[in-house]
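Per chain, numbering begins at 1; letters A, B, ... match sequence-line order.
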Amino acid sequence: MQTKQIAFDMTVNGNGIMISAQDLVKIYSNKVKAVDKISFEVREGEVFGFLGPNGAGKTTTIKMLTTLASITEGRASVAGYDVRSHPSSVRQSIGVVPQELTADEELKGIENLILSARLHHVPSDVARNRAGDLLRLVDLEGAADRRVKTYSGGMRRRLQMAMGLLHTPKILFMDEPTLGLDIQTRSKMWEYIRKLNRENDLTVFMTTHYLEEADSLCDRVAIIDEGTIKVSGHPGELKEKLGGDILTIEVSSGLDLTSFFQGIQDVSDVSKKDSTYRITLPRTEKALPAIVQGLSQKGIQISNISFTKPTLDQVFLKITGRSMRDEESPAAPPAWIQSA
Amino acid sequence: MAPFGDTIALTGRALRKYFRNPSAIVPGLATAIFYLALFGNSFNPQNLIPSSSSSGGSALQAFGGAPTYITYLTAGVICLILVFNMAFGGIDLVLDRQLGFLNTLLSAPITRASIYFSGVLQNLVKAMILAFLAFGVAFVIPNGLKLPAGFGILNFVGIFAAFALLGIGLSCVFTALALTLRSIDSLVAIVNFVTLPLVFASGALFPSSSFPGWLKEIADVNPITKASEAARLLIVNGTLTGSNFWTFANDLVYLVVFAVVLALLGYMAARNALKAE
Ligand SMILES: Nc1ncnc2c1ncn2[C@@H]1O[C@H](COP(=O)(O)OP(=O)(O)OP(=O)(O)O)[C@@H](O)[C@H]1O
Ligand SMILES: [Mg+2]
């Protein structure tokens, strides 16, 4: 049994696969089938995003992988250990940032970190040093000696993340790490996660409601709904399935510019209505300068220009044929760009 | 030694919270004063049976020769305080589950036993602190606890050993219960249903010799009776000799068995309650 496990470890680590799920099923005691035969793999150093609406089964999947929920059917391994047969080895290899905020309100920020370190058997001098580094990383140095009940929601989320990282896990599970944060704080969180991923080769499994988040952060994404994975791949690929961003340009010119737009690299579709063009772009950032430059060379005035990023809702709509039943997630606002 | 360290770390967290919020101690202490003053006066046989004797001394004969009723009552009231604080101490554990803190423990590389034993220990320490304070209160209130001449530190240790053993057993029961239940409402319902009968079917407040037969039979096996009897023997007599000593030793052995058995049963229940959902 023991030797078999070691052999299993080596093959898994040899492939650099840190998380593997095969036909995972979770049926809760009340007969709710929260997860229905999902399979995926996460490689070492990858940021893997689980994208889905409320009740899709994201938290349930994390709970199974972090040994909190039993696996009804199927097989999962984390850090090379079979989750069902070696839960304590799994626990030793992971950090968990849960969806709910679990830092103790009555304790100070630093005390929460030290407690978390003790529960992961980090020697106390090492813990103090790392706590200092992590507090700096998440910009909580100044608040370390304050009780958590005086923290804002954003500060709590950042502390929670630090608590999940103090013992330098190989794999970090984060359940909606930016839920309820404003845009600035959210992009700060993304920065931390990127930094950790880059510098410490940390493998990240995270769930989110937000496509922008998955887009900016994740190497690979799986869209989950009603307990099944609908599609997975690089965020760019998913966007391409939608055809990309929609750029809307209104010009003050009677000329038909359709072929001009079609001639620009990366433009995948152009439609015209009066003097307004809807242009589908897989990569707006690249195509936009070329479009603006081309138009100004032709001496054509842009009277209005805007673009919409594809939202999770649109990807979801395309894949499932219905709208995301998600009230919490605000639709991504269109970014308005006025021409000079 | 990791499980031991984990238990200490978790207990430390709970106690730090407790001491940081002294408002939690105040109601406990107020209850102690209230019980002693209320029971000490309203149940005082010297008041209840005024005609039985001019001095009231003979009414107290049934109370093991205690010089004042509060002297008789102190051990019982402390048992009562232990029961209630153990029972309601479980609320913190239910909250830990509801707030997700328990999940962070369950996904950490610590033994399930350390979660259970830290629950037992934190409730025990909190309740024992109140037991000490209640003892002090009984001592200072007017017409209160009168210790016999020659009462020494060993007598004091003996009294609190009896309380601690009762406390361990109770803490195990209520910790296991709190880890099993998922709502504060159901915990409070069970606690209310169980605790009062448990206390009144014991010799904590009145000598069980005065009970009707069926009640006496229950009271005689009730660990609360044993703990209050053991503590009271020392409170009233100081150092024990003869049959008093053997009664005390017998009670203590009974309480040790009670504590060990409930610790094991509680552990089994807790392990089941801490299984993955
Ligand atoms: N402990 C439980 N017992 C029974 N059913 C549960 C339990 N936890 C979750 N469920 C059900 O399982 C399904 C999936 O829930 P889950 O929490 O995994 O969704 P989620 O994708 O994390 O949603 P959210 O975005 O709202 O956090 C839901 O239908 C939910 O009601
Ligand atoms: Mg969730």
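- The neighbour count for B:F34 CZ, taken as heavy atoms of other residues, nucleotides or ligands under 6.0 Å away, does not exceed 12.
- If you measure heavy-atom distances from A:Y28 to chain B, the contacts under 4.5 Å come from the side chain alone.
- Expressed to the nearest 0.5 Å, how far CG of A:N112 lies from CZ of B:F101 amounts to 8.0 Å.
- Looking only at side-chain heavy atoms (C-beta outward), A:S70 and B:E277 stay at 4.5 Å or farther from each other.
- More than 12 heavy atoms of other residues, nucleotides or ligands lie within 6.0 Å of CD in A:E141, so this atom counts as buried by the packing criterion.
- Residue A:R118 comes nearest to B:G5 through the heavy atom pair NH2-O, 3.8 Å, listed as atom of the first residue, atom of the second, then distance.
- Going from atom OG of A:S116 over to atom CZ of B:R13 covers 12.0 Å, rounded to the nearest 0.5 Å.
- Panel note: side chain B:S107, backbone A:T66; no donor-acceptor pair is recorded below 3.5 Å.
- Of the listed residues (B:L105, B:N103, B:T111, B:I110), the one with the most heavy-atom contacts under 4.5 Å to chain A is B:N103.
- Interface remark: B:T104 contributes side-chain atoms only to the contact with chain A (heavy atom separation under 4.5 Å).
- The local environment of CZ in A:R128 is sparse, with at most 12 non-hydrogen atoms from other residues, nucleotides or ligands closer than 6.0 Å.
- Of all non-hydrogen atoms in B:A276 and A:A69, the two that sit nearest each other are CB-C, 3.7 Å.
- Heavy-atom distances place the side chain of A:E100, and not its backbone, under 4.5 Å from chain B.
- Applying the salt bridge (charged side-chain N to carboxylate O under 4.0 Å, His left out) test between B:R20 and each of A:E111, A:E105, A:E106 identifies A:E111 as the sole match.
- Both the backbone and the side chain of A:T67 come within contact range of chain B, each with at least one heavy atom under 4.5 Å from a heavy atom of that chain.
- The part of A:H121 that comes within reach of chain B is its side chain, from C-beta onward, which places non-hydrogen atoms under 4.5 angstrom from that chain.
- With a 4.5 Å cut-off on non-hydrogen atoms, A:I114 does not touch chain B at all.
- Ranked by non-hydrogen atom pairs under 4.5 Å with chain B, the options A:D104, A:L101, A:V96 are led by A:D104.
- Residue contact with chain A, scored on non-hydrogen atoms closer than 4.5 Å, is absent for B:D96.
- What you find for B:L106 and A:R91 is that their closest heavy atoms are O-NE, 3.0 Å.
- No other option in A:L68, A:V90, A:L119 has as many heavy-atom pairs under 4.5 Å with chain B as A:L68.
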